[in-house]
2 protein chains.
Amino acid sequence: MPLDSKILCLGALDAGFNTGYDIRKAFEEGPFQLYQSLSYGSIYPALNALLAEGLATCTEQAQDGRPDKKVYAITDAGRVALRQALVRRFAFDRLRSDFMFAIAFAHLMSPDQVSTLLDEYAQGYRDLAHTLAKETGTPPPGRQFLLDMGREGCLSWARCIEEHRSALEEALRTGPGPDDNAIKAPAEEEPATPSRLTEAAAATTAAGSP
Amino acid sequence: MPLDSKILCLGALDAGFNTGYDIRKAFEEGPFQLYQSLSYGSIYPALNALLAEGLATCTEQAQDGRPDKKVYAITDAGRVALRQALVRRFAFDRLRSDFMFAIAFAHLMSPDQVSTLLDEYAQGYRDLAHTLAKETGTPPPGRQFLLDMGREGCLSWARCIEEHRSALEEALRTGPGPDDNAIKAPAEEEPATPSRLTEAAAATTAAGSP
DNA sequence: GTAGACATGTAATTCGTTACATGATTCT
DNA sequence: AGAATCATGTAACGAATTACATGTCTAC
């Protein structure tokens with residue numbers, strides 16, 4: 001039972017993001033980007049649900065050039081619900097990292113590919129730290145904590161990569177044939193036919209592109 | 001297009017986890033726990049798909065007391081498919097942290113609740129680091145990198161919490177009425193009736209429990 | 001005796017994302 | 001002219017978790 005989209009929206013409203021469009025930005029580029037994600041397809045239905053349950057109010061605002069806006073606000077009932085959700089026991093953090101999983105199989109890649117991957121990965125975290133550093137204003141202590149942890153966490157993760165990559169890259173250079181084991185002796189059970197092989201490779205490539 | 005369950009299983013097979021049961025442990029308690037998750041409901045169908053596509057082989061093994069085992073092995077075609085998947089451009093890491101999101105709303109909690117939450121959170125990461133430190137053997141350099149990063153990353157995140165919590169806890173003590181804003185002046189638009197209020201609170205509570 | 005480890009699998013449900021639909025305005 | 005920003009919403013789709021179903025053996 002993780003925090004669901006309704007609670008996430010309620011939190012965003014409490015933090016001062018008051019339209020569907022703004023809420024998405026809060027999770028995409030704003031203070032919550034590191035810790036949760038939420039897209040339009042979840043936000044707008046959630047907002048309507050909150051409205052129906054009396055946890056939020058809405059005032060429509062016509063604008064000069066721009067399309068009409070629906071400005072939402074959290075109600076007292078909404079704050080009660082949010083507080084209630086914050087008392088529950090949380091599922092522990094889950095980092096979904098395709099990068100790290102991939103690096104586990106460095107022995108299947110060329111050393112160059114590994115190095116490029118590590119460059120890109122570390123840079124991604126440094127960029128994230130910079131983005132978070134740009135957040136302005138004087139938020140309440142909790143959100144300040146969020147930003148501080150985000151900045152430092154990203155930087156120290158990037159530093160950690162740089163500290164450990166040399167050992168990895170060294171091991172790949174000196175270790176057993178790093179990349180040449182492309183086709184080892186075929187397994188004796190079920191002799192994978194050439195047709196099967198290409199079929200499988202083609203399927204994988206096709207699945208990746210669209 | 002994140003790495004899907006088939007690729008994840010392929011990776012686990014390459015890493016030497018060769019039954020559905022073992023693969024789950026690799027993602028639950030083993031070297032991958034920090035970076036990906038996968039449960040039985042995904043693993044067994046994925047394994048059968050890999051078998052059908054010739055990316056893995058399977059030998060059934062009857063056992064003394066225990067139930068029968070299906071021992072899988074990655075094929076050359078499987079290794080090609082895995083390598084192919086590792087070349088793609090990855091979606092950037094996404095940390096799902098209900099803890100951190102909750103702490104953003106520290107101003108809605110009692111200082112005690114915040115402190116308890118932070119204790120629990122930091123301890124969770126220290127425990128994780130210890131679990132990872134217990135991993136034995138001499139894995140290939142990529143998996144060693146995974147373990148090293150995991151241990152240090154968890155520890156430095158825990159340290160980061162301890163370093164920043166004092167500022168947060170201080171701000172909550174000295175700041176504006178920390179917890180007493182339970183019910184502020186009702187919003188003038190849409191005067192939330194008492195019936196609506198309790199209704200909403202009840203609905204939220206009910207939604208959380210089952 | 002009862003809880004937990006070992007072991008595999010399926011089906012329903014719950015989610016959320018992606019893509020689509022619409023449309024004016026401003027910046028390049 | 002074309003791309004990007006602002007702005008809201010829906011429907012189809014995909015993917016994973018949860019719960020269910022089954023059964024033995026060992027350790028407390």
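Please read all numbers here as calculations on a predicted model, not as lab measurements. Just so you know, these numbers use all the heavy atoms, side chains as well, and skip hydrogens, waters and symmetry mates. Letters A, B, ... are given to chains in the order of the sequence lines, protein chains preceding strands, and every chain is numbered from 1.
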Are the charged groups of Arg24(B) and Glu29(B) less than 4.0 angstrom apart, N to O? no
Cationic N near anionic O, under 4.0 Å, Arg143(B) to Glu135(B):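 No, no charged N to carboxylate O under 4.0 Å.
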What is the distance from [atom1] of [X] to [atom2] of [N], rounded to the nearest Å?
X: Asp4(A); N: dT17(D); atom1: CG; atom2: P; answer: 18 Å
X: Leu8(B); N: dT17(D); atom1: CG; atom2: C1'; answer: 15 Å
X: Met1(B); N: dG16(C); atom1: CE; atom2: C1'; answer: 17 Å
X: Tyr40(B); N: dT18(D); atom1: OH; atom2: C1'; answer: 14 Å
X: Lys69(A); N: dG9(D); atom1: NZ; atom2: P; answer: 14 Å

DNA chain D-proximal residues of residues 11-39 of chain B, any heavy atom under 4.0 Å: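 The answer is Ser37(B), Leu38(B), Ser39(B).
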Could you tell me how the ring of Tyr121(A) sits relative to the ring of Phe92(B): parallel (under 30°), tilted (30 to 60°) or perpendicular (over 60°)?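 Geometry flag for Phe92(B) against Tyr121(A): tilted rings.
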Would you say the rings of Phe27(A) and Phe32(A) are close, in the sense that their centroids are separated by under 6.0 Å?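 Yes, the ring centres sit under 6.0 Å apart.
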Do the side chains of [Y] and [X] get nearer than 4.5 Å, heavy atoms only?
X: Leu50(A); Y: Leu47(A); value: yes
X: Phe145(B); Y: Asp148(B); value: no
X: Pro2(B); Y: Arg96(A); value: yes

For a quick test of reading the model: is some side-chain N or O of Gln63(B) closer than 4.0 Å to OP1 or OP2 of dC6(C)? no
Mind checking what makes salt bridge (Lys or Arg N to Asp or Glu O under 4.0 Å) contact with [X], not counting sequence neighbours?
X: Arg94(A); value: none
X: Asp127(A); value: none
X: Asp14(A); value: Arg79(A)

Sugar-phosphate means primed atoms, P, OP1 and OP2; the rest is base. With that split, encode nucleotides 21-28 of chain D 5' to 3' as B, S or - using protein heavy atoms under 4.0 Å. --B-S---
Within residues 41-49 of chain B: residues closer than 4.0 Å to DNA chain C (heavy atoms): Gly41(B), Tyr44(B)
Nearest heavy-atom neighbours spanning Leu146(B) and Met100(A):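 Smallest heavy-atom distance, with atoms named: CD1-O, 2.8 Å.
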